[in-house]
Amino acid sequence: MKFYDRVNELSILQDNEQQSQESAVFTVLMGRRRVGKTSLITKAMEGKEYAYLFVSKDSEALLCQNFQRDLEQQIGLTIYGEITRFKDLFEVIMKEAQRRHLTIVFDEFQTLYKINPAIFGDIQNVWDKYKGSAKINLIVLGSIQTLMKRIFEDEAEPLYGRPTSKFTLRPFTISAMKQILHDANPDYAPEDLLCLYAITGGVAKYIELFIDAKCYTKEKMLNYVCRQDSYFLTEGKELLNQEFSSEYGTYFSILQIIAAGKTKRSEVDSILQKDMGTYLQNLESKYELIKRMKPLMAKQNGKVTAYEINDNFLRFWFRFIYPYQSLIERNLFSLLRSNITNNYEGFTGRTLERYFQDKVMESEMFTQVGNWWDRKGQNEIDLIAINEFDHTGIVAEVKRNPHKISMTKLQEKINLLPGKDFGEYSLESKAFSLEDM
């Protein structure tokens with residue numbers, strides 16, 4: 001699959017590269033696994049000399065030995081003698097950057113934490129010592145959310161405040177996904193786009209798998225997911241095991257329950273027969289995998305009514321793949337596929353709501369987008385978006401089938417919106433269905 005989108009991110013990296021010709025630049029690029037961080041760097045550095053150093057799970061001495069070889073092969077930096085400490089290797093790099101301009105990329109940077117946590121203090125000391133006179137473009141990539149946030153956003157950590165540039169690479173936007181699918185299959189149907197969005201959520205690696213395998217339609221995508229050799233069958237575990245470490249079993253159980261539609265705290269506690277408050281809080285704030293669903297404009301400290309999985313792929317995986325490991329182990333992939341077929345329409349009803357909420361937010365016309373429902377949990381509005389600056393907004397009913405949308409009922413729900421929150425807004429009512437994708 002060819003390179004798509006990322007115009008703003010490429011601009012940032014290219015500006016940083018230009019700045020580093022005169023002064024030291026330290027860029028931190030974060031993002032979930034498979035989102036395309038390495039591809040972005042490769043594209044941004046096309047035609048330029050740089051060293052790409054992948055932090056593998058080796059000993060510090062072996063890692064330094066590998067880096068010595070890579071530095072000589074990629075940028076002609078010869079290091080005499082055998083270096084066994086990362087501190088010494090990084091000091092050689094920073095000294096060389098006083099002689100000539102260097103671009104150095106460390107991928108999976110957070111892995112250094114597991115090799116030797118003291119390395120980050122060493123990096124701080126060496127960086128502070130040489131950055132004033134070094135012409136270096138130092139780029140570090142990281143994908144384990146908790147570790148990267150700890151390394152760079154915890155005030156107690158040595159690298160806090162050291163980066164000169166820091167941003168997170170997000171999945172592709174809806175407009176980018178539409179362009180990719182159109183280029184592969186100009187005659188794609190709305191169901192095909194919805195399926196691509198539901199499974200991949202815009203994650204570059206997942207889209208690339210489908211496109212390269214010529215799986216452009218809903219049926220082909222779902223068949224591909226349920227193949228014996230499918231990348232997607234184990235992806236959820238590989239994605240989260242390192243994040244959760246020894247407690248992955250409990251977190252997986254909670255995510256499976258939420259994906260199955262039991263989204264209230266009381267329901268999760270009841271099924272697991274234990275107070276899951278701490279785990280839910282970690283999933284929300286520490287791992288950022290779930291979010292609390294509240295009526296738009298509701299108070300922050302209001303009563304939580306529901307949780308939802310943030311990531312589209314994980315929402316799909318915990319609903320249709322993880323609970324059926326026994327089918328996978330016994331090679332009963334036809335049953336796995338049949339279960340998806342039987343429950344797909346109901347599952348993608350909520351996915352369609354998320355699609356239009358994302359699409360409306362990407363229009364950059366609104367400052368808040370979400371759902372709304374009354375105190376009894378009834379009279380739910382599928383999509384409500386407001387612009388807090390000009391006090392305009394839209395309220396929409398979202399259904400797969402446009403014939404099931406009643407604008408009369410929608411207006412009745414709009415009339416129930418609390419005046420203290422929405423009274424000053426001019427709200428336009430809309431209807432969205434598969435046909436509007």
Side-chain angles (χ1 to χ4, degrees), residues 1-6 31-40 43 169-239 259 309 311-325 327-329 331-352 354-356 358-359 400 434-437:
M1 188 177 84
K2 71 178 185 180
F3 190 88
Y4 282 90
D5 200 29
R6 310 305 195 192
R32 82 183 300 284
R33 290 183 186 274
R34 332 300 192 212
V35 79
K37 299 183 296 297
T38 306
S39 297
L40 174 65
K43 183 68 175 178
L169 187 63
R170 304 292 180 188
F172 283 129
T173 61
I174 285 174
S175 59
M177 280 188 274
K178 290 171 74 172
Q179 183 63 55
I180 294 168
L181 192 56
H182 177 270
D183 288 351
N185 176 22
D187 299 321
Y188 76 86
E191 280 283 12
D192 304 328
L193 176 59
L194 181 59
C195 187
L196 185 72
Y197 173 81
I199 298 175
T200 72
V203 174
K205 177 65 176 180
Y206 305 155
I207 294 176
E208 182 180 43
L209 286 168
F210 284 136
I211 299 303
D212 289 350
K214 302 189 186 313
C215 296
Y216 311 141
T217 66
K218 167 194 163 186
E219 294 304 316
K220 287 184 177 180
M221 288 181 218
L222 294 177
N223 288 341
Y224 186 87
V225 167
C226 297
R227 272 175 27 174
Q228 184 175 353
D229 64 340
S230 173
Y231 178 96
F232 295 101
L233 297 179
T234 58
E235 172 65 357
K237 284 185 179 179
E238 293 175 6
L239 202 62
I309 297 175
D311 187 283
N312 272 19
F313 170 74
L314 290 176
R315 182 171 173 263
F316 178 89
W317 192 82
F318 277 105
R319 175 64 181 85
F320 292 117
I321 307 298
Y322 178 66
Y324 305 103
Q325 295 299 301
L327 296 181
I328 296 170
E329 290 167 6
N331 288 339
L332 299 176
F333 298 103
S334 61
L335 290 179
L336 189 72
R337 178 69 173 85
S338 296
N339 181 60
I340 295 176
T341 299
N342 293 337
N343 295 281
Y344 183 82
E345 189 166 313
F347 175 81
T348 53
R350 170 58 187 146
T351 306
L352 192 63
R354 291 167 65 117
Y355 173 90
F356 281 110
D358 285 350
K359 187 176 180 181
R400 288 175 55 92
L434 275 171
E435 296 177 1
D436 302 297
M437 291 184 68

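For the numbers below, each heavy atom of this structure counts, side chains included, while hydrogens, waters and symmetry mates do not.
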Identify, with sequence neighbours excluded, every residue that meets side chain to side chain donor-acceptor pair (under 3.5 Å) alongside [X].
X      : result
Arg32  : Tyr206, Asp311
Ser39  : none
Asp358 : Tyr197
Ser338 : none

Query raised in the report: Among all residues two or more places apart in sequence or in another chain, which pass the side chain to side chain contact (heavy atoms under 4.5 Å, CB included) test with Pro323?
Result: Gln256
Query - With sequence neighbours excluded, residues passing side chain to side chain contact (heavy atoms under 4.5 Å, CB included) with Glu329 - result: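 Gln325.
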Requested in this report: Would you verify whether the NZ or CZ of Arg34 falls within 45 degrees of the ring axis of Phe313 while also being under 6.0 Å from that six-membered ring's centre?
Outcome: no
Report task. Tell me, please, which residues at least two apart from Arg33 pass salt bridge (charged side-chain N to carboxylate O under 4.0 Å, His left out). Result -> Glu108
Query raised in the report: For Glu208, which residues count as a salt bridge (charged side-chain N to carboxylate O under 4.0 Å, His left out) partner, sequence neighbours excluded?
Result: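 Result, salt bridge (charged side-chain N to carboxylate O under 4.0 Å, His left out) vs Glu208: none returned.
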Which atoms form the tightest heavy-atom contact between [X] and [Y], and what is the distance?
X      : Y      : answer
Val35  : Ala204 : O-CB, 3.4 Å
Ala259 : Arg319 : O-CD, 3.3 Å
Tyr324 : Leu336 : CB-CD1, 3.7 Å

Requested in this report: Keeping to residues at least two apart or across chains, list the salt bridge (Lys or Arg N to Asp or Glu O under 4.0 Å) pairs with something in residues 222-233.
Outcome: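 Salt bridge (Lys or Arg N to Asp or Glu O under 4.0 Å) check on residues 222-233 returns Arg227-Asp229.
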**Report entry** Contact list for residues 181-204, test salt bridge (Lys or Arg N to Asp or Glu O under 4.0 Å), sequence neighbours left out
**Finding:**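 Output for this query lists Lys2-Asp183, Glu191-Arg400.
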Within the 4.5 Å heavy-atom criterion, are [X] and [Y] side-chain neighbours or not?
X      : Y      : value
Thr234 : Ile321 : no
Asn339 : Leu327 : no
Pro190 : Leu194 : no
Tyr355 : Leu193 : yes
Ile174 : Met437 : no
Asp5   : Thr173 : yes

Query raised in the report: For Phe320, what residues pass the ring-ring contact (aromatic ring centres under 6.0 Å, His included) criterion, not counting sequence neighbours?
Result: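 Partners of Phe320 by the ring-ring contact (aromatic ring centres under 6.0 Å, His included) criterion, ordered by chain and then number, come out as Phe316, Phe347.
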How far does [atom1] of [X] sit from [atom2] of [Y], to the nearest 0.5 angstrom?
X      : Y      : atom1 : atom2 : value
Leu352 : Asp436 : CG    : CG    : 9.0 Å
Ile328 : Leu233 : CD1   : CG    : 4.5 Å
Ile180 : Phe172 : CD1   : CZ    : 4.5 Å
Cys226 : Leu332 : SG    : CG    : 12.0 Å
Asn331 : Gln228 : CG    : CD    : 4.5 Å
Arg6   : Leu169 : CZ    : CG    : 4.0 Å

Query - Lys205/Glu235 ion pair, N-O < 4.0 Å - result: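 No, this pair does not count.
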Query raised in the report: Can you tell me if Trp317 uses its side chain to pair, donor with acceptor, with the backbone of Ile199 under 3.5 Å?
Result: no
N/O donor-acceptor pairs under 3.5 Å from side chains in residues 210-220, not counting sequence neighbours:
| residue | atom | partner | partner atom | Å |
| --- | --- | --- | --- | --- |
| Asp212 | OD1 | Met1 | N | 2.9 |
| Thr217 | OG1 | Lys220 | N | 3.3 |
| Glu219 | OE1 | Arg337 | NH2 | 2.6 |

Requested in this report: Test Ile207 against Tyr4 for side-chain contact (heavy atoms from CB on, under 4.5 Å), laying out the working first.
Outcome: CA-CA 11 Å; Ile207 294 176; Tyr4 282 90; over 6 Å; no
